[in-house]
Amino acid sequence: MSSDSLPPLPQNRIVLGCGQVAVDFLATVASFPNPDDKIRSTSLKVQGGGNAGNASTCAARLGLNPRLISKVSNDSHGKGILEELEADGVDTSFFIVSEEGNSSFTYVIADSQTNTRTCIHTPGYPPLIPEELSQSSLLSALDGVNMVYFDGRHHETALVVAKEAARKNIPILVEAEREREGLDDLLDFATYAICSAKFPQAWTEAPSVPSALISMLLRLPKLKFVVVTLGEEGCIMLERSVNGGSDAEEMDVHCLLESLKLIKDDSKTIPTCISSVETKLSANGIGTITGRLFVGTAEKIPPSELVDTTGAGDAFIGAVLYAVCAGMPPEKMLPFAAQVVNGFTTLC
């Protein structure tokens with residue numbers, strides 16, 4: 001995607017991330033090994049990783065000016081992480097660098113046969129604690145920021161940042177990949193949430209994804225929208241109505257979702273978005289929310305062109321950060337994010 005096709009950014013391009021960075025050892029294999037097998041990789045790449053690191057890198061490459069709060073050790077991995085982020089335009093001046101311990105790293109096995117990847121992660125030690133982020137550094141990190149993003153890691157420090165961001169009325173995007181310690185507290189401050197396919201039902205105990213999205217908006221009154229990513233199936237987004245929509249028609253959320261899927265044109269290879277009108281969406285036994293439901297499709301990538309899906313979700317978040325800062329409506333944001341993911345998975 002060329003920079004000419006991107007919408008103009010607002011004058012304030014600064015976003016702040018807080019979360020995990022790592023080194024990824026990415027080994028591609030013909031097929032995943034069985035226990036006790038010895039196989040050879042077909043390729044090996046060593047590159048920066050971690051959800052917050054990847055999302056911030058994507059945001060920087062799209063034209064934002066991201067800052068990042070995280071922690072590394074003063075080892076070869078940590079030095080490599082900082083160098084790579086800085087080379088991509090990510091401000092690392094708010095990092096904590098420990099003289100002892102180890103930086104985070106992950107072994108990633110990418111299976112060419114199934115286009116899946118398996119991750120074995122070693123956390124950084126010692127972990128980031130709130131006392132390491134001074135009040136002056138926190139205020140400097142938030143100065144002039146358009147939006148704050150959390151990946152759910154370093155939850156104690158993240159909560160301190162979230163409270164100060166909320167006090168300054170800075171919008172907050174929270175990634176909900178899976179249930180983690182402290183994530184509930186972060187979600188209470190969220191303006192936007194982006195979830196993995198399994199998270200909404202696991203967190204709400206709702207019987208389906210659409211009903212879980214309604215439950216999330218009911219439980220989190222500050223939340224403007226929630227997106228659940230579904231891999232090659234695209235995504236579903238539920239946006240809360242700003243005006244209340246008291247005259248809107250009431251409809252079961254499952255029926256509405258199925259009607260939107262029927263409109264979807266499966267012959268199109270480029271990402272698209274189908275949206276409902278403002279509607280009172282109901283889920284049996286959960287409640288009703290007034291808003292709009294969106295179905296976003298993913299670009300169809302031939303298997304021969306698919307390089308790797310590692311970090312695809314992080315690229316989606318980086319694109320959403322850009323889209324929200326640029327004031328994109330959901331109808332444009334979801335296809336745009338899908339296109340960014342497509343470029344990431346075919347070129348990385």
Side-chain angles (χ1 to χ4, degrees), residues 1-2 5-7 54-55 58 62 114-117 173 175-177 192-201 208-214 216-217 224-240 251-279 281 291-324 326-348:
M1 179 176 294
S2 68
S5 64
L6 298 176
N54 286 339
C58 177
L62 289 171
T114 60
N115 290 325
T116 58
R117 83 290 187 265
L173 187 152
E175 176 185 2
E177 187 178 39
Y192 316 102
I194 298 180
C195 309
S196 65
K198 295 180 180 179
F199 178 82
Q201 285 180 264
S208 67
V209 170
S211 59
L213 298 186
I214 288 180
M216 288 187 70
L217 286 184
K224 291 185 178 180
F225 70 63
V226 56
V227 179
V228 55
T229 57
L230 304 170
E232 63 183 16
E233 297 299 318
C235 65
I236 302 171
M237 172 176 165
L238 181 57
E239 178 187 48
R240 188 192 306 272
M251 190 170 186
D252 178 79
V253 68
H254 301 92
C255 294
L256 180 57
L257 179 60
E258 290 307 312
S259 67
L260 293 179
K261 287 180 177 179
L262 289 174
I263 301 172
K264 184 173 64 173
D265 186 351
D266 291 326
S267 65
K268 290 187 176 180
T269 58
I270 61 171
T272 58
C273 178
I274 303 98
S275 66
S276 74
V277 296
E278 189 175 273
T279 306
L281 296 159
R292 292 198 297 163
L293 190 66
F294 300 82
V295 174
T297 65
E299 189 160 352
K300 293 180 173 60
I301 305 173
S304 59
E305 295 180 17
L306 185 64
V307 176
D308 176 36
T309 60
T310 305
D314 305 328
F316 185 92
I317 289 173
V320 170
L321 287 171
Y322 182 102
V324 173
M328 277 191 203
E331 294 90 341
K332 293 186 177 180
M333 178 182 76
L334 297 182
F336 167 74
Q339 284 181 298
V340 170
V341 170
N342 173 55
F344 187 87
T345 55
T346 57
L347 298 175
C348 69

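If you're wondering where the values come from, they're calculated on a predicted model, not measured in any experiment.
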Answer whether the closest heavy-atom distance between the side chains of [X] and [Y] falls below 4.5 Å.
X: F199; Y: M216; answer: yes
X: D314; Y: C58; answer: no
X: V320; Y: V227; answer: no
X: M333; Y: F294; answer: no
X: P335; Y: I270; answer: no
X: L281; Y: L256; answer: yes
X: F316; Y: I194; answer: yes

Please report the closest heavy-atom contact between [X] and [Y], naming both atoms and the distance.
X: E331; Y: S275; result: OE2-OG, 3.8 Å
X: V341; Y: A312; result: CG2-O, 3.5 Å
X: V253; Y: S211; result: CG1-N, 4.2 Å
X: P271; Y: Q339; result: CG-CG, 3.8 Å
X: V340; Y: A315; result: CG1-O, 4.0 Å
X: A197; Y: V209; result: O-CG2, 4.2 Å

Distance in Å, Y192 OH paired with I317 CD1, rounded so as to fall on 0.5 Å steps: 14.5 Å
Residue among V228, L260, L334 satisfying side chain to side chain contact (heavy atoms under 4.5 Å, CB included) with I236: V228
Side chain T279, main chain G291, donor-acceptor under 3.5 Å: no
Under 3.5 Å: donor-acceptor pair, side chain of T272, backbone of T297: no
Sequence-distant partners of E239, salt bridge (charged side-chain N to carboxylate O under 4.0 Å, His left out), two or more places apart: R292
Contacts of E232 that satisfy salt bridge (charged side-chain N to carboxylate O under 4.0 Å, His left out) - sequence neighbours left out: none
Residue list, side chain to side chain contact (heavy atoms under 4.5 Å, CB included) with R240, at least two apart or on another chain: L217, L223, I289
Aromatic ring proximity, centroids under 6.0 angstrom, Y322 and F336: yes
